[in-house]
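Keep in mind that this is a model prediction, so the values were computed, not measured. Counting starts at 1 for both ligands and their atoms, in listed order.
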Amino acid sequence: MPNAKYIFVTGGVTSSLGKGIISASLATLLQSRGFKVTIQKLDPYINVDPGTLNPYEHGECYVTDDGAETDLDLGHYERFLNVPTSRANNITTGRIYKSVIDKERQGVYLGKTVQVIPHITDEIKNSIKLLAKNKAFDFVITEIGGTVGDIESLPYIEAVRQMKWELGKNCLVIHLTLIPFLAAAGELKTKPTQHSVKALLEYGIQPDILVCRTEKSLNKEIRRKVALFCNVEPDAVIESIDASTIYDVPFLMKEEKLDEVVLRKLHVEAEHKHELGAWSKFIKKLKNPSREVNIALVGKYTELKDAYKSISESFIHAGVANDAKVNVQWISSEDITSENIEKKLKNVSGVLVAPGFGERGIEGKINTIKFVREHNIPFLGICLGMQCAVIEFARNVLGYPDAHSAEMNSKTEHPVIDLLEDQKKIVNKGGTMRLGAYACTIKENTLASKIYKSETISERHRHRYEFNNKYLDEFIKAGMINSGMNSKTHLVEIVEIPAHPFFIGVQFHPEYKSTVAQPHPLFVNFVAAALKQVRKD
Ligand code: GLN
């Protein structure tokens, strides 16, 4: 296509209506017709990125290949599209302001008064257009975080108004709203949608398409009414009914012809019909598993499932690859003791110990690992989970009862997990960890080589601490080997215990790379190992 088309997705009425999933579903439909599509998220908060946020605030922090710490919606974009995102795909107000203020200090604005309009809005517009540079994409879908009317998202909405004006038919706005069902009246109500479109109109934006979240189907009459009051065509009122899985949404949007309406309004000829065969196979398998397996996820944010979003989605992909349903049992590591662990893991055929930061719940994770190591239960440790496996082995096999990570105990005599010298000098917290994709060399004849079937792999990192190589020989002699290494820095990336049926810890985050099209091999093999020994005692 000669010029990229821009699609904005705004939200009204309430938050959490699923703008990310609607954006990813529309992108999937366009991609399945042969277009190149990318999705971007604009977040209205002042943090430069979500890396410094507690997962309780916005859920998991997702990491891209180029080392950006981003919003979890980028995970959905990658899982749906199977195309990597980058730092350019997630912008925050903090980043926009930081860049404008840095330019002001450099004198770039030549004595001008620096203002929200045009300087902040120009910076936003440039960040949106950057994605279409070099004709990399036919469609740039930009999701605006927050809800229309929020004070903090006003500059984004203003930037959308300006772009719509400048780009004319190369740009459209989809507004996602809620049509609530009032049980007492037995009716679907359109008024909140009317109000939220009015709010958008006050800012100068006429939405082109309305996607209406609803628990009941919208009849013709409701669609007609919404269309009439909100100045949109009746076929541009799209129903988005609650789905049993997010992976159904592309098909629901296809039935509603969302992509057809988008193409028509942007005057784009469809290149070909949808190619969604693989996706529909995936859904079929997802909905008709032939077996089940219970896997424990041991972490400290178990009340908030979004904190481990990519891990739970990876289990869905790996379950489908194994024709099985993975029932993830969330266990809070703070509640685990060496006395109750056996009871907690009853009926569980595999254990994943989650990533994390800080001391809370750490001993529960270590107790869990001792139990699974001694009882031959399949184990996957991710990042802090791998570090805990190293600490547990040092304490209970090497015989260093005070062994720890310097993160939790900087005074331990046996820091088996430690900071590298160059990390010790760093004071700033934001963006200073080992972040993004690093190559890892896999040793032959190991569990890792069986899983990856490749000599070198690339995986994404997000951590400050590392395996302390001072202890490496002792570990190897005692039966925990380093099966994956960074060949440049000699950092240990994967540990495993060959004498155990499936015990593997990885310093990186495989969950960021699992997609519908390419379920991650570590998860696929871990689920397969758990399925081999389904426990029913
Ligand atoms: N807190 C650990 C570190 O910084 C592990 C981080 C993680 O699990 N993502 O090294």
Is a side-chain donor or acceptor of D150 paired with a backbone partner of S153 at a separation under 3.5 angstrom?
-> no

Which pairs of nitrogen or oxygen atoms, taken one from ligand 1 and one from the protein, are under 3.5 angstrom apart?
residue  : atom   : partner : partner atom : Å
ligand 1 : 1 (N)  : G356    : O            : 3.0
ligand 1 : 1 (N)  : E407    : OE1          : 2.7
ligand 1 : 1 (N)  : E407    : OE2          : 3.1
ligand 1 : 4 (O)  : R464    : N            : 2.9
ligand 1 : 8 (O)  : G356    : N            : 2.9
ligand 1 : 8 (O)  : G356    : O            : 3.3
ligand 1 : 8 (O)  : L384    : N            : 3.0
ligand 1 : 9 (N)  : R462    : O            : 2.9
ligand 1 : 9 (N)  : H509    : NE2          : 3.2
ligand 1 : 10 (O) : Q387    : NE2          : 3.1
ligand 1 : 10 (O) : R464    : N            : 3.2
ligand 1 : 10 (O) : Y465    : N            : 2.8

Using a strict cut-off of less than 4.0 Å between a Lys/Arg side-chain nitrogen and an Asp/Glu carboxylate oxygen, indicate whether K365 and E392 qualify as a salt bridge.
-> no

CD of E444: more than 12 outside heavy atoms within 6.0 angstrom?
-> no

Exactly one candidate in F379, F393, F526 meets ring pair (Phe, Tyr, Trp, His ring centres under 6.0 Å) with F503; the answer is F379

Within 6.0 Å of NZ in K129, more than 12 heavy atoms from elsewhere = yes

Would you find more than 12 non-hydrogen atoms of other residues, nucleotides or ligands less than 6.0 Å from E104 atom CD?
-> yes

